[in-house]
Q: 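Below you'll find the structure I mean.
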Amino acid sequence: MAFHFHFDDSDGQTDTPMAWETETAHKPFSELSLDRMLETLPSKISHSPLTVPLSDGSTLAISRRDLFDARFQLISQGAGEVESAESAEVVSALQFLDNPSDLVPLVYEGGLKTWECSLDLAAYLSGIDFGTKSTKTRILELGCGTAIPTLCIFHDIFSSPPIGEREIHVHLQDYNASVLQLITVPNIVLTWYHSSAAETSRNSELEDHVESTLNITLQLLDDFKKSLEAYRIHIRLFSGSWENFDLGITGGNYDLVLTSETIYRLDSLPSLVHLMRRACLSEDHSAQYLCLVAAKAVYFGVGGGVAEFTRCVEATDQEARVETVVEKKSGVIRKVMSIQWL
């Protein structure tokens, strides 16, 4: 049976016992090939703009792939052509493209929908120095889905010329491989295409180009890859459960760890919290990092929320600190939190 978030205007607390030890079924950790996903993109992608409020009061328009377009791709290609996805997951993707807010634990975790806390996280990032001007930066977004915070980071990077020897490693994780292929990767290409880094590619478009449709050509994909090389951006994509995430394969700890709207389920909190802690801390605990979590105070009907997340953090690391850096009080309370591990 699917969960659906029904929100009201209260900032409630729960006395429900913590069900942190009940998660049983897990999806294996898997790395997905960016090149393969680019090769399987359809000839055209339909997209619509999303307005992202920024910290300085301005807004940023980010293009997202339309869900109906992703559904059409699945139907036209057939289940067998979805990269590294079992047929059951493809059936789930088809089902939830029509109802992206419905959640089936350990089947579909909401990655097709853009949840509002991801906009809060993107807005916060726009007002701080999160390390992308350093010589080498490693970024991880967990439960990325439509990846709005990471897309805004990409927009910022692509809006300026490449900087010397700077290298940026961007790793994106989602429970569902089909979400990464159908939504995340197309959104990254769209963000690049609408930036100054792709100006030459846009100028070479045919005269019959439709504003809401991106023609996916071999030349465009080649230009995209060359831009990644010029900016020294290394993108890796991972699917599966958090407890199976292998930091040995991904290269160790990160400078920036992001997640939004991922703390709604009590039984998945321990694996998320443990992964975030391991992803931030170097072996000698000396590395500088920023760990940000955006979430609603309460997820009604599901059980999770900020209070439960904070208790799980404290149970995992008694010296850890959870600091609220942004709080939105209209409607259901939303927060962006910074976690300091010790």
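Start at 1 with the first residue, then count along the sequence. Only heavy atoms go into these numbers, but all of them, side chains included; no hydrogens, no water, no symmetry mates.
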Q: Quick check for you: to the nearest 0.5 Å, what is the distance between E31 atom CD and H171 atom NE2?
A: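 One finds 7.5 Å between CD of E31 and NE2 of H171.
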
Q: Please test Q181 against T40 for side chain to side chain donor-acceptor pair (under 3.5 Å), starting from the C-alpha separation and ending with a verdict.
A: CA-CA 9 Å; Q181 179 174 7; T40 58; 2.7 Å; yes

Q: Which pairs count as salt bridge (charged side-chain N to carboxylate O under 4.0 Å, His left out) when at least one residue sits in residues 270-283, sequence neighbours excluded?
A: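 Checked against salt bridge (charged side-chain N to carboxylate O under 4.0 Å, His left out) - neighbours excluded - the pairs reaching residues 270-283 are R277-D317.
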
Q: Judged by atom type as modelled, is there a donor-acceptor pair below 3.5 Å linking the side chain of N203 to the main-chain atoms of E199?
A: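 Answer holds: yes.
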
Q: Counting C-beta onward and ignoring hydrogens, is there a side-chain heavy-atom pair between L182 and Q73 closer than 4.5 Å?
A: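 Counting from C-beta outward, L182 and Q73 do come under 4.5 Å.
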
Q: Given M276 and T259, is the side chain to side chain contact (heavy atoms under 4.5 Å, CB included) satisfied, shown in steps?
A: CA-CA 9 Å; M276 287 192 299; T259 192; 4.0 Å; yes

Q: Taking only residues two or more places apart in sequence or in another chain, which ones pass side chain to side chain contact (heavy atoms under 4.5 Å, CB included) with E314?
A: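 E314 satisfies side chain to side chain contact (heavy atoms under 4.5 Å, CB included) with T310 once adjacent residues are dropped.
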
Q: What heavy-atom pair brings I183 and G145 nearest, and what distance separates the two atoms?
A: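 Smallest interatomic distance, heavy atoms only, reads CG2-O, 4.4 Å.
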
Q: State whether a side-chain donor-acceptor pair under 3.5 Å links D66 with S46.
A: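 Yes, side-chain donor-acceptor contact under 3.5 Å.
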
Q: Rounded at 0.5 Å granularity, tell me how far CG in L151 sits from CZ in F158.
A: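 Rounded to the nearest 0.5 Å, the CG-CZ separation comes out at 10.5 Å.
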
Q: Going from CH2 on W242 to CG on L142, what distance comes out if it is rounded to the nearest 0.5 angstrom?
A: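 Reported to 0.5 Å precision, the distance equals 7.0 Å.
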
Q: Taking ring-ring contact (aromatic ring centres under 6.0 Å, His included) as the test, write out the residues that go with F29, two or more places apart.
A: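 In terms of ring-ring contact (aromatic ring centres under 6.0 Å, His included), with neighbours along the sequence ignored, F29 is linked to F238, F245.
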
Q: Please identify each residue that fulfils side chain to side chain contact (heavy atoms under 4.5 Å, CB included) with S118, with sequence neighbours left out.
A: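 S118 satisfies side chain to side chain contact (heavy atoms under 4.5 Å, CB included) with T114, I148, P149, S260 once adjacent residues are dropped.
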
Q: Rounded to the nearest 0.5 Å, what separation is found between the CG atom of D255 and the CG atom of L140?
A: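 Going from the CG atom of D255 to the CG atom of L140 covers 11.0 Å.
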
Q: Side chains of L172 and V170, heavy atoms from C-beta outward: is any pair under 4.5 Å?
A: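 L172 reaches V170 side chain to side chain.
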
Q: Check this for me: L342, atom CG, are more than 12 non-hydrogen atoms of other residues, nucleotides or ligands nearer than 6.0 Å?
A: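 Enclosed: over 12 neighbouring heavy atoms sit under 6.0 Å from CG of L342.
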
Q: Is there a side-chain contact between L214 and H47 in this structure, where contact means two heavy atoms from C-beta onward sitting under 4.5 Å apart?
A: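 Yes. Closest side-chain heavy atoms under 4.5 Å.
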
Q: Answer yes when D35 and K225 have at least one side-chain N-carboxylate O distance shorter than 4.0 Å, and no when they do not.
A: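 Yes.
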
Q: How far does CZ of F224 sit from CG of L34, to the nearest 0.5 angstrom?
A: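 CG of L34 is found 6.0 Å from CZ of F224.
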
Q: Has the side chain of T217 got a donor or acceptor atom that lies under 3.5 Å from a matching backbone atom of L220?
A: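 Checked: pair present.
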
Q: Heavy-atom distance under 4.5 Å between the side chains of L41 and L221, does that happen here?
A: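 They are in contact (side-chain heavy atoms under 4.5 Å apart), so the answer is yes.
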
Q: With side chains defined as the heavy atoms from C-beta onward, is the minimum distance between I168 and Y231 less than 4.5 Å?
A: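 Answer no - side chains too far apart.
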
Q: Got a sec, which residues hit side chain to side chain donor-acceptor pair (under 3.5 Å) with S286, two or more places apart in sequence or on another chain?
A: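 Residues passing side chain to side chain donor-acceptor pair (under 3.5 Å) with S286: D284.
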
Q: With sequence neighbours left out, write down each residue that passes side chain to side chain donor-acceptor pair (under 3.5 Å) with Y124, or none if nothing qualifies.
A: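 Y124 satisfies side chain to side chain donor-acceptor pair (under 3.5 Å) with no residue once adjacent residues are dropped.
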
Q: Can you measure from CG (L237) to OG (S33) and round to the nearest 0.5 angstrom?
A: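 L237 CG to S33 OG: 8.5 Å, rounded to 0.5 Å.
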
Q: Decide yes or no on side chain to side chain contact (heavy atoms under 4.5 Å, CB included) for T213 and I45, but give the supporting numbers first.
A: CA-CA 5 Å; T213 302; I45 292 179; over 6 Å; no

Q: Please determine, by modelled atom types, if Q173 and S239 share a side-chain donor-acceptor pair under 3.5 angstrom.
A: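 Checked: Q173/S239 side chains show no N/O donor-acceptor pair below 3.5 Å.
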
Q: Under 3.5 Å, is there a donor-acceptor pair linking the side chains of S268 and Y264?
A: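 No, no side-chain donor-acceptor pair sits under 3.5 Å.
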
Q: With side chain to side chain contact (heavy atoms under 4.5 Å, CB included) as the test, would you mind laying out the steps for T137 and I139 before giving the verdict?
A: CA-CA 6 Å; T137 303; I139 300 170; 3.9 Å; yes

Q: Closer than 3.5 angstrom, by distance alone: can the side chain of T150 be matched with the main-chain N or O of A147 as a donor-acceptor pair?
A: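 Checked: no pair found.
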
Q: Considering all heavy atoms of both residues, which atom of S126 and which atom of S55 are nearest to each other, and what is their separation?
A: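 For S126 versus S55, the nearest heavy atoms are OG-N, 3.1 Å.
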
Q: Any side-chain heavy atom of I128 sitting closer than 4.5 Å to one from L290?
A: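 Touching, per the 4.5 Å side-chain cut-off.
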
Q: Just to verify, what does S58 make a side chain to side chain contact (heavy atoms under 4.5 Å, CB included) with, not counting sequence neighbours?
A: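 For S58 the side chain to side chain contact (heavy atoms under 4.5 Å, CB included) partners, ignoring immediate neighbours, are L54, D56.
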
Q: For residues P49 and I62, determine if any side-chain heavy atom of one lies less than 4.5 Å from a side-chain heavy atom of the other.
A: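 No, too far: nothing below the 4.5 Å cut-off.
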
Q: Are the side chains of E167 and H234 in touch, meaning some heavy atoms are under 4.5 Å apart?
A: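 When only atoms from C-beta onward are counted, H234 and E167 do touch, with a gap below 4.5 Å.
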
Q: Do the side chain of T324 and the main chain of V326 share a donor and acceptor less than 3.5 angstrom apart?
A: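 Here the side-chain-to-backbone pair does not exist.
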
Q: Check the pair E323 / S338 against side chain to side chain donor-acceptor pair (under 3.5 Å), numbers first and verdict last.
A: CA-CA 5 Å; E323 177 188 1; S338 176; 5.0 Å; no

Q: Listed by chain and number, what are the side chain to side chain contact (heavy atoms under 4.5 Å, CB included) partners of Q288, not counting sequence neighbours?
A: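 Q288: no side chain to side chain contact (heavy atoms under 4.5 Å, CB included) contacts found.
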
Q: Quick test of your reading of the model: are E327 and R334 salt-bridged, counting only N-O distances below 4.0 Å?
A: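 So E327 does not pair with R334 through a salt bridge.
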
Q: So which atom in W341 and which in Y289 form the shortest heavy-atom distance, rounded to 0.1 Å?
A: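 Nearest heavy atoms, W341 then Y289: N-OH, 2.6 Å.
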
Q: Just to verify, what does H155 make a ring-ring contact (aromatic ring centres under 6.0 Å, His included) with, not counting sequence neighbours?
A: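 Counting only residues at least two positions away or on another chain, H155 forms no ring-ring contact (aromatic ring centres under 6.0 Å, His included).
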
Q: One pair to check against side chain to side chain contact (heavy atoms under 4.5 Å, CB included): R166 and R232. What are the steps and the verdict?
A: CA-CA 7 Å; R166 177 186 68 179; R232 297 176 178 268; 5.8 Å; no

Q: Run the ring-ring contact (aromatic ring centres under 6.0 Å, His included) test against H274 and tell me which residues pass, sequence neighbours left out.
A: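 With neighbours one apart ignored, the set is empty.
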
Q: If only side-chain N and O atoms count, and only distance matters, is there a donor-acceptor pair under 3.5 Å linking S159 with S196?
A: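 Side chains of S196 and S159: no pair found under 3.5 Å.
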
Q: Side chain to side chain donor-acceptor pair (under 3.5 Å) with K329: which residues, sequence neighbours excluded?
A: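 Expected list: none.
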
Q: Charged N to carboxylate O below 4.0 Å: is that the case for E116 and K328?
A: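 Not counted as a salt bridge, because no side-chain N and carboxylate O are separated by less than 4.0 Å.
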
Q: Kindly give the heavy-atom pair with the smallest separation between Y193 and R202, and that separation in Å.
A: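 Heavy atoms only, the tightest pair is O-NH1, 2.7 Å.
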
Q: Does Q219 have any side chain to side chain donor-acceptor pair (under 3.5 Å) partners at least two apart in sequence or in another chain, and if so, which?
A: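 Expected list: D223.
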
Q: Is it the case that E308 and Y299 place a side-chain donor and acceptor less than 3.5 Å from each other?
A: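 No, because no side-chain N or O of E308 sits under 3.5 Å from a partner of the opposite role on Y299.
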
Q: If you look at every heavy atom in P42 and I216, which pair is closest and at what distance?
A: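 In this case the closest contact between P42 and I216 is O-CB, 3.2 Å.
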
Q: Testing the basics here: between N187 and S63, what is the closest heavy-atom pair and its distance to 0.1 Å?
A: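 The answer is OD1-O, 4.1 Å.
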
